[in-house]
**Student:** 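Before I ask anything, here is the structure I am working with.
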Amino acid sequence: MTFNPYEEKGIAIEKQIRNWEDVVRSPYNKYDVDCYSRTRQILMNGIEVEAWNFKHAFGRFCPDSDACKLIAHTRRIEDAQQTTINWLAPKDQSVLETTLGYEQVAVDLTAWLAQNEPDPYVKETFDFGLLEDFDHLYRYSQWAYMEEGIDPDYIVQGQTDIMLSRPTQNHHNDNAMRLRKPYDKDKASAQTKINILTLVAGEQQTHNYYAEHGFAYGNNVLRKTYAEIKDVEEEHVSMYESLIDPNESIYEKLLLHEYCEVCNYYNCYEDEINDELKKIWEMFLQFEIAHLQCAKKLFEKHEKRDAQEVTGEKIILPCRFKSQKEYVAKVLIEEIDKRMDGSEKMGYTTIDKLPDNWASYDVQKKQGEKGSPTESTITIISRHIGRDIIKASDGLKGKEVELLSRGLEKKAQAPDTVSAQKLEKIIANYEAMEK
């Protein structure tokens, strides 16, 4: 890529205030939108929420009043950009339909980032989280079919396999154990920094969406499923953000946030096939180039360094959405048993090598003492419709599908946290609600 945002002018900040007709655009049509247009809309909403949150934190910690005034202007513009993007989702797209889009973002984005991550430790962390997001997509797909009659393939459009992975009840960990070794800001590549910021924004948004919408259904097991997976998303945000060097100054972090936005909008503009969305990505790219120029001036004023020492000159592509079936299948088969080792090295091991006093066992025991909602989900649906919703196609074939769909849970040594008596009661309550 030869595009250098520092050489572009962008749209001046004073020209970025828009009227309400421009802020609130017509939503996309859920019946004909490309699944990756939807994932771009979801991700960029999260990128803008992260930008807005960060700039509020910046304003609370920055002693330079002139810098705070400038950030106050760009923060309001970021907020309006987020409104435009979030309002693109149509009113007839249900919470569960949107949720499947969120999980498709998580799976295909994390897989793309893992394959384009130069730091082996960061890559391993991405792969670890990938298996958990893959399982979340599977659990929500079951509910979409059961609760609303939605074929999950209607949302993911055959681009993402839907299968059991590391069971959700095994995702719960001692949250301090989730913390990873941060990169060295003076040695890490710009690619690593932008990859992490992009994924943090995506996972943070997923947590927030489940927190704000998980109560929307009357079915109590589904409500608890949202609560359980939301808890894992909190762990994911903790895990990914801990990879960031805390020694970066607030001005360096500002520079990286703006560069992250430029890279993601450029990536979306390059890939978008929807004409209306493409125009939005192009406009916001021009907005963010101007924001980057402001961040560059602040960074160079306070740090006495060239901004391109941090970001480099070449644009980075952090969100190229494309089918990742083959890569996800490989990680699924090879790493289903991987766990965090809980040591000071903050490394990884396999479940058969964990000590009896592994800290996460206590967490899982306490949280699962009355059962796991995500495990109840599978049993309820199997009882009600007689089968799982298995959508694996190109990524896994033949015997691999049979092996994984029937044997992964056993291989992952998932504890049976739901007693037969309690499960019968859950099923009876569910069937009563259906009547």
Side-chain angles (χ1 to χ4, degrees), residues 1-30 32-55 70-90 93 101 105 109 194 197-198 201-202 205 254-297 307 311 313-321:
M1 288 293 172
T2 58
F3 179 81
N4 185 339
Y6 295 107
E7 296 176 352
E8 304 292 325
K9 292 183 179 180
I11 296 174
I13 290 175
E14 60 269 20
K15 295 181 179 180
Q16 293 183 14
I17 299 294
R18 296 175 291 141
N19 63 50
W20 299 117
E21 288 294 318
D22 197 14
V23 170
V24 179
R25 304 292 187 90
S26 297
Y28 60 75
N29 185 332
K30 76 170 188 175
D32 60 18
V33 69
D34 182 81
C35 68
Y36 288 137
S37 291
R38 182 190 288 108
T39 58
R40 281 186 281 271
Q41 180 263 337
I42 289 171
L43 175 63
M44 295 316 298
N45 187 63
I47 293 287
E48 288 296 353
V49 169
E50 166 62 23
W52 179 83
N53 279 330
F54 170 76
K55 287 183 177 180
L70 181 59
I71 295 306
H73 286 301
T74 61
R75 183 171 63 229
R76 186 176 184 184
I77 293 164
E78 304 279 14
D79 187 55
Q81 289 174 223
Q82 186 270 333
T83 300
T84 298
I85 296 169
N86 200 26
W87 267 237
L88 291 171
Q93 183 171 276
V105 170
L109 175 65
I194 298 306
L197 278 178
T198 299
Q205 178 188 220
L254 174 65
L255 180 71
L256 286 167
H257 270 81
E258 299 293 13
Y259 197 71
C260 180
E261 289 186 86
V262 168
C263 290
N264 276 285
Y265 276 120
Y266 182 86
N267 204 159
C268 288
Y269 171 72
E270 284 273 290
D271 293 352
E272 187 57 65
I273 63 173
N274 181 295
D275 290 339
E276 293 305 311
L277 293 179
K278 194 176 186 74
K279 292 175 184 176
I280 293 172
W281 307 146
E282 181 179 22
M283 177 174 62
F284 288 170
L285 170 62
Q286 297 302 316
F287 282 15
E288 296 300 344
I289 287 172
H291 298 179
L292 177 63
Q293 298 290 354
C294 292
K296 176 179 183 292
K297 290 178 182 178
T311 64
E313 298 179 358
K314 295 181 180 180
I315 201 76
I316 292 162
L317 300 178
C319 67
R320 177 137 284 168
F321 284 107

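Since the structure is predicted, the reported quantities are computational estimates derived from the model, not experimental observations.
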**Student:** Run the side-chain contact (heavy atoms from CB on, under 4.5 Å) check on Thr74 and Ile71 step by step: do they pass?
**Tutor:** CA-CA 5 Å; Thr74 61; Ile71 295 306; 4.1 Å; yes
**Student:** Measure from the side-chain N and O atoms of Thr84 to the backbone N and O of Val23, and report whether any donor-acceptor pair falls under 3.5 Å.
**Tutor:**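 Yes.
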**Student:** Mark yes or no for whether Glu8, through its side chain, and Gly10, through its backbone, hold a donor-acceptor pair below 3.5 Å.
**Tutor:**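 No; zero donor-acceptor contacts below 3.5 Å.
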**Student:** Only one of Glu50, Gln82, Gln81 passes side chain to side chain donor-acceptor pair (under 3.5 Å) with Asn45; say which it is.
**Tutor:**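 Only one option passes, and that is Gln82.
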**Student:** Can you tell me if Gln16 uses its side chain to pair, donor with acceptor, with the backbone of Phe287 under 3.5 Å?
**Tutor:**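 Flag set: sc Gln16 to bb Phe287 pair under 3.5 Å.
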**Student:** For Leu255 and Thr311, what are the C-alpha separation, side-chain angles and deciding distance, and is it a side-chain contact (heavy atoms from CB on, under 4.5 Å)?
**Tutor:** CA-CA 8 Å; Leu255 180 71; Thr311 64; 4.1 Å; yes
**Student:** Would you name the heavy atoms of Pro90 and Tyr28 that are closest together and state the gap between them?
**Tutor:**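 For Pro90 versus Tyr28, the nearest heavy atoms are CD-CE1, 3.4 Å.
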**Student:** Which heavy atom of Ala201 sits nearest a heavy atom of Gly46, and at what distance?
**Tutor:**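 Nearest pair, atom of Ala201 first, then Gly46: CB-O, 3.7 Å.
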**Student:** Looking at every non-hydrogen atom in both residues, tell me the closest pair between Glu313 and Pro5 and how far apart they are.
**Tutor:**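 The pair with the smallest heavy-atom distance is O-CD, 4.1 Å.
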**Student:** Applying salt bridge (charged side-chain N to carboxylate O under 4.0 Å, His left out), can you list everything that pairs with Lys279, at least two apart in sequence or on another chain?
**Tutor:**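 Counting only residues at least two positions away or on another chain, Lys279 forms a salt bridge (charged side-chain N to carboxylate O under 4.0 Å, His left out) with Glu276.
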**Student:** Between His257 and Phe54, how do the two ring planes meet: parallel, tilted or perpendicular, split at 30° and 60°?
**Tutor:**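 Plane angle under 30°, so parallel.
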**Student:** If I take atom CD1 from residue Ile77 and atom CD from residue Glu14, how far apart are they, to the nearest 0.5 angstrom?
**Tutor:**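 Rounded to the nearest 0.5 Å, the CD1-CD separation comes to 9.0 Å.
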**Student:** His291 pairs by side chain to side chain contact (heavy atoms under 4.5 Å, CB included) with which of Leu70, Ile11, Ile13?
**Tutor:**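 Testing His291 for a side chain to side chain contact (heavy atoms under 4.5 Å, CB included) against Leu70, Ile11, Ile13 leaves exactly one candidate, Ile13.
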**Student:** Could you go through Leu43 and Thr198, starting from their C-alpha distance and side-chain angles, then the distance that decides it, and tell me whether this counts as side-chain contact (heavy atoms from CB on, under 4.5 Å)?
**Tutor:** CA-CA 8 Å; Leu43 175 63; Thr198 299; 4.3 Å; yes
**Student:** Begin with the C-alpha distance, continue with both residues' side-chain angles, and end with the deciding distance and a verdict on side-chain contact (heavy atoms from CB on, under 4.5 Å) for Tyr259 and Ile194.
**Tutor:** CA-CA 8 Å; Tyr259 197 71; Ile194 298 306; 3.9 Å; yes
**Student:** If only atom types and distance count, is the side chain of Asp79 paired as donor or acceptor with the main-chain N or O of Arg75 below 3.5 Å?
**Tutor:**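 Looks like no, no N/O pair under 3.5 Å.
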**Student:** Between Glu78 and Val49 (side chain of the first, backbone of the second, donor and acceptor by atom type, cut-off under 3.5 Å), is there such a pair?
**Tutor:**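 No.
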**Student:** Do you know which of Asp271, Leu277, Leu88 makes side chain to side chain contact (heavy atoms under 4.5 Å, CB included) with Arg40?
**Tutor:**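 The residue from Asp271, Leu277, Leu88 that satisfies side chain to side chain contact (heavy atoms under 4.5 Å, CB included) with Arg40 turns out to be Asp271.
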**Student:** Near Asp32 CG, under 6.0 Å, is it more than 12 heavy atoms from other residues, nucleotides or ligands?
**Tutor:**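 It does: Asp32 CG has more than 12 such atoms within range.
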**Student:** Who passes side chain to side chain contact (heavy atoms under 4.5 Å, CB included) against Asn19, sequence neighbours left out?
**Tutor:**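 Side chain to side chain contact (heavy atoms under 4.5 Å, CB included) list for Asn19, sorted by chain: Glu21, Asp22.
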**Student:** Measuring from Phe321:CZ to Cys268:SG, what's the distance to the nearest 0.5 Å?
**Tutor:**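 One finds 7.0 Å between CZ of Phe321 and SG of Cys268.
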**Student:** Looking at every heavy atom in both Glu258 and Glu288, which two are closest together, and how far apart are they?
**Tutor:**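 Scanning both residues completely, I find the closest heavy atoms to be OE1-OE1, 3.1 Å.
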**Student:** Between Tyr269 and Tyr266, is the gap from one ring center to the other below 6.0 Å?
**Tutor:**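 Not close enough - the centres of the two rings lie 6.0 Å or further apart.
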**Student:** Does the Gln41 side chain pair with the main chain of Ile85, one donor and one acceptor, at a distance under 3.5 Å?
**Tutor:**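 Yes; at least one donor-acceptor contact below 3.5 Å.
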**Student:** With a 3.5 Å distance limit and no angle check, can you tell me whether Asn267 reaches the backbone of Cys319 through a side-chain donor-acceptor pair?
**Tutor:**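 Such a contact is found between Asn267 side chain and Cys319 backbone.
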